[in-house]
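So the structure is just underneath, and the comments pick up after that.
Here the structure is a predicted model, which is why all the values come from computation and not from measurement. Residue numbers run from 1 in the order of the sequence given.
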Amino acid sequence: MASKFYVVWSGRETGIFTDWNTCKKHVDGFAGARYKSFLTREEAEAAFSGSKPSVAAGRGSAASGAKIKTYSAAEVNALPEQVKIFTDGGCEPNPGEAGSGVAVYQDNKLRELWYGLYNAMGTNNTAELNALHQGLLLARDETANGKTAAVFSDSQYSIQCVVQWALGWEKAGWKKKSGEIKNLELIKDIYTLYQTLKNKVQVLHVNGHVGVQGNELADRMSILAIQSRETDFALYREPLDIAAILATRAG
């Protein structure tokens with residue numbers, strides 16, 4: 001399993017740490033401690049450096065430095081959209097074998113699962129971006145059929161690339177001062193699609209592995225993509241036995 005990065009905003013020492021024991025030392029017993037784990041350094045750095053109020057991504061444009069609001073399971077369930085699409089990517093190790101998964105809910109009930117886009121030499125970020133891309137494609141189809149839809153990802157990096165940062169990168173000729181824009185062609189494709197949907201489809205952040213069922217199922221689909229080495233994006237044809245699927249290996 002890929003290592004995590006731990007952001008401490010309030011503790012004995014603040015910053016980004018690469019192991020839980022160090023993070024724990026700075027927050028254990030510290031009044032008002034604020035900390036959180038991330039799968040990638042990019043997400044951790046974006047979260048640690050963000051100083052503006054949290055915003056919901058989606059309709060309208062968010063400031064490039066704004067922190068993304070994170071939705072709880074209860075908040076997700078309370079949203080009025082008819083179709084809720086959860087996306088997730090996995091990579092073992094990182095970089096290594098990568099795959100993407102999607103869970104689609106209608107009226108807060110699981111409707112279908114998707115998995116695939118296996119890449120023998122991928123990264124966690126490319127897997128997350130691929131999953132977000134597929135989620136937006138599904139959302140496009142749903143809105144074309146008259147339904148309301150929202151897309152959810154546990155990757156702040158993916159959301160910010162498409163919803164916040166790409167606007168500035170595009171204006172600068174798809175360049176940034178700090179160096180290379182990784183996954184640029186993929187980001188361009190997703191950003192182009194997002195521009196056609198941004199007034200209709202929200203792209204929202206949820207934390208991974210904290211009880212958001214759709215996120216958990218999308219995670220299991222990303223692992224299935226790796227295990228099956230499915231290069232297409234395939235509809236899951238087995239029974240939608242949620243308990244059984246959640247009992248399979250997590251990413």
Salt bridge present between [X] and [Y] (N-O < 4.0 angstrom):
X    : Y    : answer
E81  : K200 : no
R111 : E142 : yes
E97  : R229 : yes

Checking side chain to side chain contact (heavy atoms under 4.5 Å, CB included) for the pair L224/I245: CA distance, chi angles, key distance, verdict? CA-CA 10 Å; L224 177 60; I245 296 167; over 6 Å; no
If you define the side chain from C-beta out and look only at heavy atoms, does anything of [X] sit under 4.5 Å from [Y]?
X    : Y    : result
Q156 : E128 : no
C161 : Y191 : no
I68  : Q160 : yes

Output, in order, the C-alpha distance, side-chain angles, deciding distance and verdict of side chain to side chain donor-acceptor pair (under 3.5 Å) for T192 and D189. CA-CA 5 Å; T192 299; D189 288 344; 5.7 Å; no
Check against side chain to side chain contact (heavy atoms under 4.5 Å, CB included), L193 and I190: CA-CA 5 Å; L193 174 61; I190 305 171; 5.6 Å; no
Both conditions, 6.0 Å and 45 degrees, for the charged tip of K4 above the ring of Y6: are they met here? no
Of all pairs that satisfy side chain to side chain donor-acceptor pair (under 3.5 Å), the ones with a partner from residues 205-219, not counting sequence neighbours: K36-N207, T70-H205, Y105-Q213, D154-N215, H209-E216, E216-R220
Do the side chain of D28 and the main chain of K24 share a donor and acceptor less than 3.5 angstrom apart? no
Would V83 and T148 satisfy side chain to side chain contact (heavy atoms under 4.5 Å, CB included), going step by step from the backbone distance to the final call? CA-CA 6 Å; V83 178; T148 56; over 6 Å; no
Classify the ring geometry between Y35 and W20 as parallel (under 30°), tilted (30 to 60°) or perpendicular (over 60°). tilted
For F152, what residues pass the ring-ring contact (aromatic ring centres under 6.0 Å, His included) criterion, not counting sequence neighbours? F86
After noting the C-alpha distance and the side-chain angles of Q195 and K198, does the key distance pass the side chain to side chain donor-acceptor pair (under 3.5 Å) rule? CA-CA 5 Å; Q195 291 303 297; K198 65 181 182 180; 3.0 Å; yes
Checking side chain to side chain donor-acceptor pair (under 3.5 Å) for the pair E112/Y236: CA distance, chi angles, key distance, verdict? CA-CA 7 Å; E112 60 196 33; Y236 182 74; over 6 Å; no
Give the intermediate values and the outcome of side chain to side chain donor-acceptor pair (under 3.5 Å) for residues K182 and N125. CA-CA 9 Å; K182 294 182 179 180; N125 284 343; over 6 Å; no
